[in-house]
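Have a look at the structure below, then the notes.
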Amino acid sequence: MILPLLLALQAPAPLAARADSIRPLHDALDYDITIIVGDTGSHIVGQVQTRWRLESDLPVRIDLDSTMRVVRVLMDGKENTRLFRTIWAREPNRIIVPHEKHQGDTLVTMVRYHGTPKDGLIIGNNAYGARTAFADNWPDRAHHWLASQDQPDDKATARFHVEVPAGMEGIANGTLEKVDTLPRGRTVWHYRIREPVPVYTMVVAAARFATTRLPDAACALKCVPISIKTYPEDSAFAVQGPFRRAGEIVDFFSHLIGAFPFERLSQVESATIYGGMENATAIFYDQKAYGKKSLSEETVAHETAHQWFGDAVTEDDWHHLWLSEGFATYFAGLWEEHVGGRQALDSVMGQAAERVFESTATERPILDLQATDLMGLLNSNNYPKGAWVLHSLRGLMGDSAFFGGIREYYRRYRDSTVLSADFAAVMSAAAGQDLTWYFTQALTQPGYPVLEVTWSYAKKRLTLAFTQTQNPAWGEYRLPGITVLVDGKPVRVNIEGRNSQAVIENVVAAPKSVVVDPERWWLLKWTTGERGTGNGER
């Protein structure tokens, strides 16, 4: 069978378009990060050693906010000098390190710095008056506190050494390897994450936590230790409320997608500006939601799904964000289907549809290659509409092919980065047909189909006419094999172009009801009625 090979070689624009204006010059392979949090104030001391694989003779470019004062820069353990003259340069929000190596060579840089982060690392007091510090990187805010290549398309492993005041616990990605005690009760918490992750998910934290260990999850594949870390005052709510089935969520996704991609998972109360932030192995949740008792299991499922999609399989370009947020939104819906049946998923997708219908983002496509505001990408296109892309694809392919394709996509691209074209190729192979048309329609056209469905009946012949009445700027939609219920009897029809029709023979009487897409596989609006009346709608 040559179809998968042919599809893998395709790169249909814009499904493979990279619109981000800044691209990595070199490949950061591993970070060794030391962050020192002071007893008072917001001043930090940082030291980051990075191992690079060079892609050219160009200088290494390290992102670091200009408010941070650089004390020292080393290259392969030596001062970055030539004839006793320092040659590294400081540009706005960047350090430039020239070298004399070539493509394919390995280079190690070390940057030592200090200062008060203006963003990205939130240091202050929580609602209970206790001192805390939390990194909050998305989308490109890590460089305010972390010397790094702050772009989603360059993933790396990392070691962390987090020095915190007495009485506080340090947190970072990966597995805790040891804790060192220093004078005056200060401690250094050493973590290591062995899997490559994007910088926007690399975090540190310091606070006084209450820790609750849950039973290990997904042990049929590999046991995943799970812990809940909250401020002590909020621990009862967390365990009894949103995280009561946190282990079952990991079990479910592991069975559905593949083995959990990391060594452990911590669910952490934090000062993130988002409702939840999917940092690899250390998910941060908004502390305000604890105080309001509004943190939901849906949010926990969403952020947990990100460990597979977003952290392990990462969008190569911000404009393909739906590969992260759309996936997490839909898989949270699949969790609801798992515990509540198809009716629960229908409710989730119905709410998602309403969000799309009400949003002005609908006037733009999901792959909005003209967008320059990264925060603006956190919209209904990349969340609920992205979820609908997957839901309609599932209806088009059937469960067996769809979930088989999802598992293959995860297996193939785990620990790497992807574009929409990569996902389209895998799912086309799983379906045994080229689905480029579907992804082009779903991702590059704005809006959604709006159908006016009319019928006429004569001499036992029922004629259904479908007219697409959506904004002409949205284009026309193809809806193959969509189900129409005629007095409860399902009929499959193909809708293509502005006007389509289907003729059904041997119908004994004029229909009393016509229902379009009763199982709700498509994101659409419709009205229906006898020609000239229009007496039903959804």
Side-chain angles (χ1 to χ4, degrees), residues 1-19 256-258 309 313-317 319-324 326-327 330-331 365-369 381-382 385-414 416-449 451 466 468 470 474-483 492-500 502 517 519-524:
M1 184 176 181
I2 63 173
L3 178 61
L5 176 60
L6 292 176
L7 292 170
L9 294 175
Q10 291 178 345
L15 299 182
R18 291 177 169 89
L256 194 64
I257 306 165
F309 302 115
V313 181
T314 305
E315 63 278 9
D316 189 75
D317 182 285
H319 296 80
H320 296 255
L321 182 62
W322 83 278
L323 292 170
S324 176
F327 273 64
Y330 189 58
F331 276 80
I366 290 177
L367 288 183
D368 189 357
L369 302 179
N381 277 345
N382 284 305
K385 192 176 182 184
W388 266 100
V389 172
L390 293 174
H391 188 60
S392 297
L393 181 64
R394 177 185 172 188
L396 197 62
M397 295 176 64
D399 277 11
S400 179
F402 175 78
F403 288 110
I406 291 291
R407 286 188 285 271
E408 172 59 19
Y409 171 68
Y410 172 67
R411 185 199 66 79
R412 186 178 303 182
Y413 292 108
R414 176 177 171 175
S416 60
T417 61
V418 290
L419 297 169
S420 298
D422 300 313
F423 181 60
V426 172
M427 299 309 283
S428 292
Q433 59 177 305
D434 188 354
L435 294 175
T436 301
W437 70 267
Y438 170 76
F439 287 100
T440 301
Q441 170 179 289
L443 300 176
T444 71
Q445 288 183 215
Y448 45 85
L451 301 180
F466 303 89
Q468 298 194 32
Q470 66 269 10
W474 294 357
E476 298 173 358
Y477 289 86
R478 176 181 172 188
L479 306 173
I482 191 170
T483 299
R492 300 292 292 273
V493 301
N494 295 319
I495 297 177
E496 292 192 47
R498 185 64 61 178
N499 296 286
S500 305
D517 189 28
E519 294 184 326
R520 305 199 71 171
W521 285 115
W522 295 94
L523 176 67
L524 56 80

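Bear in mind that the values here come from a model prediction, so they are computed numbers and not experimental data. Below, all heavy atoms of this structure are taken into account, side chains as well, without hydrogens, waters or symmetry copies. We're numbering straight along the sequence, starting at 1.
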>> Quick check against the 3.5 Å criterion: does Ser324 have a side-chain atom that pairs as donor or acceptor with the backbone of Leu321?
In response: no
> Taking the side chain as C-beta and beyond, is there a heavy-atom pair between Ser420 and Leu367 under 4.5 Å?
Replying inline: yes
>> For the OG1 atom of Thr440 and the CG atom of Leu435, what is their distance to the nearest 0.5 Å?
In response: 10.5 Å
> So do Ile482 and Phe466 actually touch side chain to side chain, heavy atoms under 4.5 Å?
Replying inline: no
> Nearest heavy-atom pair of Met397 and Met427: which atoms, and what distance?
Replying inline: CE-O, 3.5 Å
>> With a 4.5 Å cut-off on side-chain heavy atoms, are Asp316 and Asp422 touching?
In response: no
> Under a 4.5 Å cut-off applied to non-hydrogen side-chain atoms, are Val389 and Ile366 in contact?
Replying inline: yes
>> If you define the side chain from C-beta out and look only at heavy atoms, does anything of Leu524 sit under 4.5 Å from Trp388?
In response: no
> Would Arg394 and Phe403 satisfy side chain to side chain contact (heavy atoms under 4.5 Å, CB included), going step by step from the backbone distance to the final call?
Replying inline: CA-CA 8 Å; Arg394 177 185 172 188; Phe403 288 110; 3.8 Å; yes
> Can you name the ring pair (Phe, Tyr, Trp, His ring centres under 6.0 Å) partners of Phe331, sequence neighbours left out?
Replying inline: Phe309
> Would Arg498 and Gln470 satisfy side chain to side chain contact (heavy atoms under 4.5 Å, CB included), going step by step from the backbone distance to the final call?
Replying inline: CA-CA 10 Å; Arg498 185 64 61 178; Gln470 66 269 10; 4.2 Å; yes
> Taking atom CZ of Arg18 and atom OG1 of Thr417, what is their separation to the nearest 0.5 Å?
Replying inline: 7.0 Å
> Between Gln468 and Leu451, does a side chain to side chain contact (heavy atoms under 4.5 Å, CB included) hold up when you go through it step by step?
Replying inline: CA-CA 5 Å; Gln468 298 194 32; Leu451 301 180; 3.8 Å; yes
> Once the angle between the rings of Tyr330 and Phe402 is folded into 0 to 90°, is it parallel (under 30°), tilted (30 to 60°) or perpendicular (over 60°)?
Replying inline: perpendicular
> Trp522 vs Tyr438 aromatic rings, parallel, tilted or perpendicular, using cut-offs 30° and 60°?
Replying inline: perpendicular
> At what distance, to the nearest 0.5 angstrom, does CD1 of Ile406 lie from OH of Tyr409?
Replying inline: 8.0 Å
>> Measuring from atom OG1 of Thr436 to atom CD of Gln433, what distance do you get when rounded to the nearest 0.5 angstrom?
In response: 10.5 Å
>> Checking Asp517 against Leu479 for the side chain to side chain contact (heavy atoms under 4.5 Å, CB included) test, could you report, in this order, the C-alpha distance in whole Å, the side-chain angles of both residues, the deciding distance, and whether it holds?
In response: CA-CA 10 Å; Asp517 189 28; Leu479 306 173; over 6 Å; no
> Is there side-chain contact between Gln441 and Glu476, with at least one heavy-atom pair below 4.5 Å?
Replying inline: no
> Is there a side-chain contact between Leu15 and Leu419 (heavy atoms, below 4.5 Å)?
Replying inline: no
> If you look at every heavy atom in Ala430 and Gly405, which pair is closest and at what distance?
Replying inline: CB-CA, 3.7 Å
>> Is the ring pair Trp474/Tyr448 parallel, tilted or perpendicular, if the boundaries are 30 and 60 degrees?
In response: tilted
> What closest approach, in Å, do Pro14 and Thr444 show between heavy atoms, and which atom pair accounts for it?
Replying inline: CG-CG2, 3.4 Å
>> For the residue pair Thr483 / Trp521, report whether a side-chain donor-acceptor contact shorter than 3.5 Å exists.
In response: no
> How many angstroms lie between NE2 in His320 and CG in Leu369, if you round to the nearest 0.5 Å?
Replying inline: 6.5 Å
> Do Phe423 and Phe327 have ring centres separated by under 6.0 Å?
Replying inline: yes
> Do Tyr477 and Ile495 come within less than 4.5 Å of each other through their side chains, counting heavy atoms only?
Replying inline: no
